[in-house]
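Please read the structure below before turning to the comments.
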Protein chains: 2
Amino acid sequence: MPTAHQGSSAEVAALDAYIKLMRAAETVTSRVHGPLLGELTVTQFGVLEVLHHRGALSAGEIAEKVLKSAGNLTLVLANLERDGLISRERDRSDGRRWIISLTAAGRKRVSALFPKVAAAITAEFAHLSRAEQAMLGELCKKLGRGGRSTSEA
Amino acid sequence: MPTAHQGSSAEVAALDAYIKLMRAAETVTSRVHGPLLGELTVTQFGVLEVLHHRGALSAGEIAEKVLKSAGNLTLVLANLERDGLISRERDRSDGRRWIISLTAAGRKRVSALFPKVAAAITAEFAHLSRAEQAMLGELCKKLGRGGRSTSEA
DNA sequence: ATCTTTTCGTTTCATGTCAAAGTGTTTTTT
DNA sequence: AAAAAACACTTTGACATGAAACGAAAAGAT
């Protein structure tokens, strides 16, 4: 029998919460993936969604919003452009920047898909009461803001 | 101004909880990644960890535990084998199966790394009280088990 | 003005990821 | 036992992912 690391009780509690958090995130993600199948990847949808929600952004701003590396975004944007869903334009005031915006096709695609994805997420979270959802959100937020300054609300 | 999808309040609540869950999971994952950097990928560590914890398993069993596809596992196991951390052996009672076990080097590696990863996770979850960690775990568990039978404890 | 540093994005490299099709093995049918 | 179905894993193809090195543009230093 393999001997496990002898953890403190604080460690055991944290690891237990950790794996449950990870599994929940992965399970929900995989279910949400359903409506997108054959249409877009999850990341592609995320990029279109953020553009739809906030309007044109630079590549770096998008990377920050969707929590992906810059190098990664380059490829995702290239694929979206190839498929005619976004367009790029050099920022005239800063020649290093690309301004990314949705094309008409991109807007149409994200508009059609968003309700389906939202419905899938809502169905997933229907296992929790409204109060539980709020509590979960609160705990996740508190968890995530480690190392941040207190300037955020 | 882009017009957002007009969601019901249940939808808004669910989406809000959803993005907080995802961001928390991603943030924690990226911080946990630190101790592994240059040593192993997160998935590789996950595979070694499950083998360390439960002993030798078939490829399919590992895939199930770490929530990855079979095709994916093939590659991850190949890389781990190349690095001398695991060994494969045909199951004599079922010629389709591979039995995967840790090598001495694999055991050593995971033993050295596990405490560091556990400490990183513990530090991350220290932002929450013990009761909050338990609550978060409970909510995640409840969220994840949608569509499951009630046979599980 | 020139040099240096910083910043934005791209490229490269190694790995991970899934879906779908394929290969060989075992089990089930008939 | 031969055929069919189910199963465990592999292969392939397209895409995602991060780190690190790189190129170009902007900002700062002198």
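Residue numbering restarts at 1 for every chain, and letters A, B, ... go by the order of the sequence lines.
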*Protein-to-nucleotide contact annotation, 5' to 3' order, nucleotides 7-20 of chain C [B base; S sugar-phosphate only; - none; under 4.0 Å, heavy atom]*: BSSBB---SBBB--
_Rounded distance [0.5 Å steps], CG in A:Asp16 versus CG in A:Leu21_ = 11.5 Å
*Kindly determine whether B:Ser8 and B:Glu11 satisfy side chain to side chain donor-acceptor pair (under 3.5 Å), including the steps that lead there.*
CA-CA 5 Å; B:Ser8 70; B:Glu11 222 168 55; 4.8 Å; no
Who passes side chain to side chain contact (heavy atoms under 4.5 Å, CB included) against [X], sequence neighbours left out?
X	value
B:Leu67	A:Arg23, A:Glu26
B:Ser129	B:Ala131, B:Glu132
A:Ala17	B:Phe125, B:Gln133
A:Arg107	A:His52, A:Leu102, A:Ala104

*asked:* Quick check for you: name the first and last nucleotides of DNA chain D, 5' to 3', having an atom under 4.0 Å from a heavy atom of chain A.
replied: D:dC15 to D:dA26
*Which one of B:Arg92, B:Arg90, B:Arg96 satisfies the salt bridge (Lys or Arg N to Asp or Glu O under 4.0 Å) criterion with B:Asp94?*
B:Arg96
